Amino acid sequence: MEKNQSFTHDDHHGFPWKHIIGFILSLVLTFAALFVVLSGALPTTMTLAAIVVLAIFQVLVQLLMFMHLNEHEGAFQTISMAFGFLIALAVVAGSIWVMSFGM
Amino acid sequence: MNMENIKDFLLHDFFVTGEPMIYMADVAIILVSLAIVFVLTYFKKWKWLWKEWLTTVDHKKIGIMYIIAALAMLFRGGADGLLMRAQLALPNLHFLNAQHYNEIFTTHGTIMIFFMAMPFLFGLINVAMPLQIGARDVAFPYLNAISFWLFFFGALLFNLSFVIGGSPDAGWTSYTPLAEKGLDPGVGENYYLIGLQLSGIGTLASGINFIVTILKMRAPGMTLMKMPMFTWASLITSVIIVFAFPVLTVALAMLTIDRLFGAHFFTADSGGMPMMWANLFWIWGHPEVYIVILPAFGIFSEVISTFAGKKLFGYKAMVWSMIVICVLSFFVWVHHFFAMGAGPAVNSFFGVSTMLIAIPTGVKIFNWLLTLYKAKIRFTTANLWALAFIPNFVIGGITGVMLAVVPADFQYHNSYFLIAHFHYVLIAGTVFAVFAGLHYWWPKMFGHMLNERLGKWAFWIFVIGFNVCFLPMHFVGLMGMTRRLYTYPADLGWTPWNFIETIGAFAMGVAFIIMVYNIYWSARYGERDTTGDPWNGRTLEWAVSSPAPEYNFATIPEVKSLDAFWEMKKNGEVEKWRKQPLEPIHMPDNSYRPFVISVLFFIAGFGFVFEWLWLGVIGLIGVFLCLALRSFEKDEGHHIPVEEIERTERAAGRL
Amino acid sequence: MSETHAVATESRGPLEYATKDGQMKIFGFWVFLGAEVVLFSCLFAVYLAYLHHTAGGPTAHDLYEVKGFLIETLLLLTSSFTCGLGIHELRRRNKAGVLAWLLITLLFGLGFIGMEVKEFVDYVGEGATLSTSAFLSSFYILVGTHGAHVSLGILWMIAVMIQLGLYGINPVTARKAFIVGLYWHFLDVVWVFIFTAVYLTGLVL
């Protein structure tokens, strides 16, 4: 744990490039998802898969570029979020599957 | 408003009337309350109560309060259980009517899980875990007090139901649509929903608190793989709490919104799905089983290792099997409702994942057995509970695997076979563990031992009574007796078994009384523990005096290996450690606010129970004001000067 | 509680990590966010299971309008960005900069809440209430829980800004600002999923 205390000293003194790139990325990802849906170019399942993948990238942008997930107790913090998302996946996928009665 | 209306409301909707047993309870509650007020006033103890207990942020005192509350709830839940057994002792009895029986099995289950098992374990974790890792308190002592008081007032709100407004009656699982407004009007279910919500918030906060404490506050040198097993169990349990309790929060909130605001989450009409409640309830509910069993495993590990005088066998395997159980516990929930009618893919998946859990659990059983192998075992009361756990729990584990076999489960489902199964795991697991822990850590909490002779009497009567009560339930279950049945006809062949079960249940009641008498007797005449290490212990809690001083450790020991205190004793380092120079110790300040904020939550909760939204809103505004006050408070704590530490340590004979 | 609570252990790094207390509270908040992920996942699970349980009432297709939810999304995305800039200024120990960016964040947040309230009022006007169908119950509670989080975040951020104004940037206020920042970004994370799983999916399925 202790060796994770590497604060990126260079990035909080200068121009906030990381944030600006993150913001542009999130705008691009948002409009890409919207475009995929509105254009209707892909079949339904493909569309759903595409927007979910874009959403995952968008979340990674927030976690890594805005939220400093890997700072300080980076390992434990990452485990906490990753386990949260694993359980979330189990809850969402599991509930939909179970409540469709496995049909 | 006219007086008649008010009178009508009070007599029909507010106070529970017309039941002689409840009138007796009313009288008992009033008398006990008056007695408490009288004693506190007569001995001028109000200020002591407020300053030493109600406003404390000391983890040891909070732990003791958890345990006292849990013992009270064990009494209440146990009384419910005995009433059920009395009703079922003979066929066609009308000691309780169907409605009363419904209420009693609901409160029995809810109280035993939420207000007895969990707080008892939380109490022991609070008392022992910070001491085991060489810390002076938990990470967030103020939050710890909030957790306790939220549990306390949640439990109080739930218990209020039986004299004001009426008890919940849809089972501890509160299945919809039965628990929905249409089929279950009145305030009983609201009590269940709001009471559990309050204590659930406290539980989640405790989970976070324990995780941060264990990961960030260990004594220097104590790496993760040098932590005592009980601390590991507390950590894994806390992880399960953090990721499981939000599911309960959501499920309870949804049903509350259904009942109070007319939503359709779990109704049978307007697109709602009643089984969605079962789905969410058990997504939380199965991990909950491990929340109450893993700390129990931790306690048994400590007790068995201490009284076998040996290092725990297979430490790493124990740790990894808990981690595996933690992950698997989130992927088995459907086994609680195989009979719902899901397709073979769903049921097979969850059947197999359930059976998988038996593997890490089996690993642990063998590790305990091998710890005992060729050891000079000391048969103390604490260890007797741990030794009795192994065979009894295995019975529950085996029937668990039987229940995981989907086609067979359709036969056992909701029969007394299931009741037998989960009482064998919950009583032989959790209850034996809290009794073991109570005897084991009692001297650390109070500075005196519990009497061994009385303890062993209670042990034998309880364990025999437990088997007499629950073993026959397997048989009547297979004979077709279903759970939650308030009476039964005489010609089914169930009568002798049921009568025997009732005898066993009352034996457990007798054992409980002996245990309570033991607490009283030992407080007056029990052997004082002047060494701080009455059991020749292995972990750091035994390195400090009994009871532990406010600051726990005058100086923090350096940990070099597993069983840190054992190694210190073996290498003759104890004296050297005690002679280290003292420094002022920083401690957190007491605060009245955790108590007040929880009272406000209670008021808000009472408002929501009776659907008086104005009262609910007033309570919540008060809660927010308290949060704001806390945010602007400068809580810097205080320092205990060296002279005071010296005085305390000298009084304990340590300098 | 150890002696190091009030003592700076690292003078050069970000102030919010300067004390053990600060480190523990930030780490504890991350654990809490893990719990929040699970909390929202239940709301999503129920919403998705009930997507077509409209009981003859309005459906997703009838209700959702691209313009409305796109503006909401952009408001919240931008507020997350400005909040990040606030924390950037916090680490440069620039009090005026932190307060300015957090104020802008608040305004975007208020704009978002205003839009969401208008959206809900419009839907109710179209006969889509909490009690209409299981689909709408789950929609209102999912999106409403997020909205309640944002509203709480606004109040919280105001409290932190007052303390920054009164006491300046010190280990305590820096930790509080950093944590409220984490909370704010996290609400954007949740919104990304609402944008995807509620609005876009509602248009697709």
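Since the structure is predicted, the reported quantities are computational estimates derived from the model, not experimental observations.
Taking CG from C:L48 and OG from A:S95, the interatomic distance works out to 10.0 Å, rounded to the nearest 0.5 Å. One distance of note links OH of C:Y50 with CD1 of A:I96; it measures 12.0 Å at 0.5 Å rounding. With rounding to the nearest 0.5 angstrom, the NE2 atom of C:H88 is 11.5 Å from the CH2 atom of A:W17. One distance of note links NE2 of A:H72 with CD of C:Q23; it measures 3.5 Å at 0.5 Å rounding.
Using a 4.5 Å heavy-atom cut-off against chain A, no residue of residues 136-161 of chain C qualifies as contacting.
Note on ring orientation: taking the six-membered ring where Trp is involved, the planes of A:F23 and C:F81 are parallel (angle under 30°, cut-offs 30° and 60°). The aromatic rings of C:F27 and A:F76 sit tilted, their planes meeting at an angle between 30° and 60°.
Neither the backbone nor the side chain of C:V190 comes within contact range of chain A; no heavy atoms are under 4.5 Å apart. Contact of A:L69 with chain C is made through backbone and side chain together, with heavy-atom distances under 4.5 Å. Interface remark: A:I79 contributes no atoms to any contact with chain C (heavy atom separation under 4.5 Å). For A:S80, the parts sitting under 4.5 Å from any heavy atom of chain C are the backbone and the side chain alike. Looking at C:F69, the atoms closer than 4.5 Å to chain A (heavy atoms on both sides) all sit in the side chain, from C-beta outward. Heavy atoms closer than 4.5 Å to chain C are found in both the backbone and the side chain of A:T30. The part of A:L48 that comes within reach of chain C is its side chain, from C-beta onward, which places non-hydrogen atoms under 4.5 angstrom from that chain. With a 4.5 Å cut-off on non-hydrogen atoms, C:L205 touches chain A through its side chain but not through its backbone.
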side-chain contact (heavy atoms from CB on, under 4.5 Å) evaluation trace for A:Q62 with C:L77: CA-CA 10 Å; A:Q62 293 280 336; C:L77 269 184; 4.0 Å; yes

side-chain contact (heavy atoms from CB on, under 4.5 Å) between C:I87 and A:H68, worked out: CA-CA 10 Å; C:I87 302 305; A:H68 315 269; 4.3 Å; yes

Audit row: A:F85, C:V38, side-chain contact (heavy atoms from CB on, under 4.5 Å) steps and yes/no: CA-CA 7 Å; A:F85 279 106; C:V38 178; over 6 Å; no

A:F31 vs C:L70, side-chain contact (heavy atoms from CB on, under 4.5 Å): CA-CA, chis, key distance, verdict: CA-CA 9 Å; A:F31 281 103; C:L70 186 61; 4.0 Å; yes

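When all heavy atoms of C:V37 and A:A88 are compared, the closest pair comes out as CG1-CB, 3.8 Å. Closest heavy-atom contact between A:M81 and C:G34: SD-N, 4.0 Å. Considering all non-hydrogen atoms of both residues, C:F178 and A:M67 come closest at CZ-O, 4.3 Å. Across every non-hydrogen atom of C:T196 and A:A55, the tightest pair is OG1-CB, 3.4 Å. For C:S41 against A:V92, the heavy-atom pair with the smallest separation is O-CG2, 3.4 Å. Across every non-hydrogen atom of C:L200 and A:A33, the tightest pair is CD1-CB, 3.7 Å.
Within 6.0 Å of CD in C:E126 there are more than 12 heavy atoms belonging to other residues, nucleotides or ligands. Environment of OH in C:Y167: crowded, with over 12 heavy atoms of neighbouring residues, nucleotides or ligands closer than 6.0 Å.
Ranked by non-hydrogen atom pairs under 4.5 Å with chain A, the options C:F186, C:Y199, C:W184, C:Y47 are led by C:F186. No other option in A:L86, A:L63, A:I51, A:V61 has as many heavy-atom pairs under 4.5 Å with chain C as A:I51. Of all the listed residues (C:T78, C:L74, C:T73), the one sharing the greatest number of non-hydrogen pairs under 4.5 Å with chain A is C:T78.
Counting only residues at least two apart or in different chains, salt bridge (Lys or Arg N to Asp or Glu O under 4.0 Å) contacts with residues 170-184 of chain C comprise C:D21-C:R175.
Side-chain contact between A:Q58 and C:F195 is absent, with no heavy atoms from C-beta onward closer than 4.5 Å.
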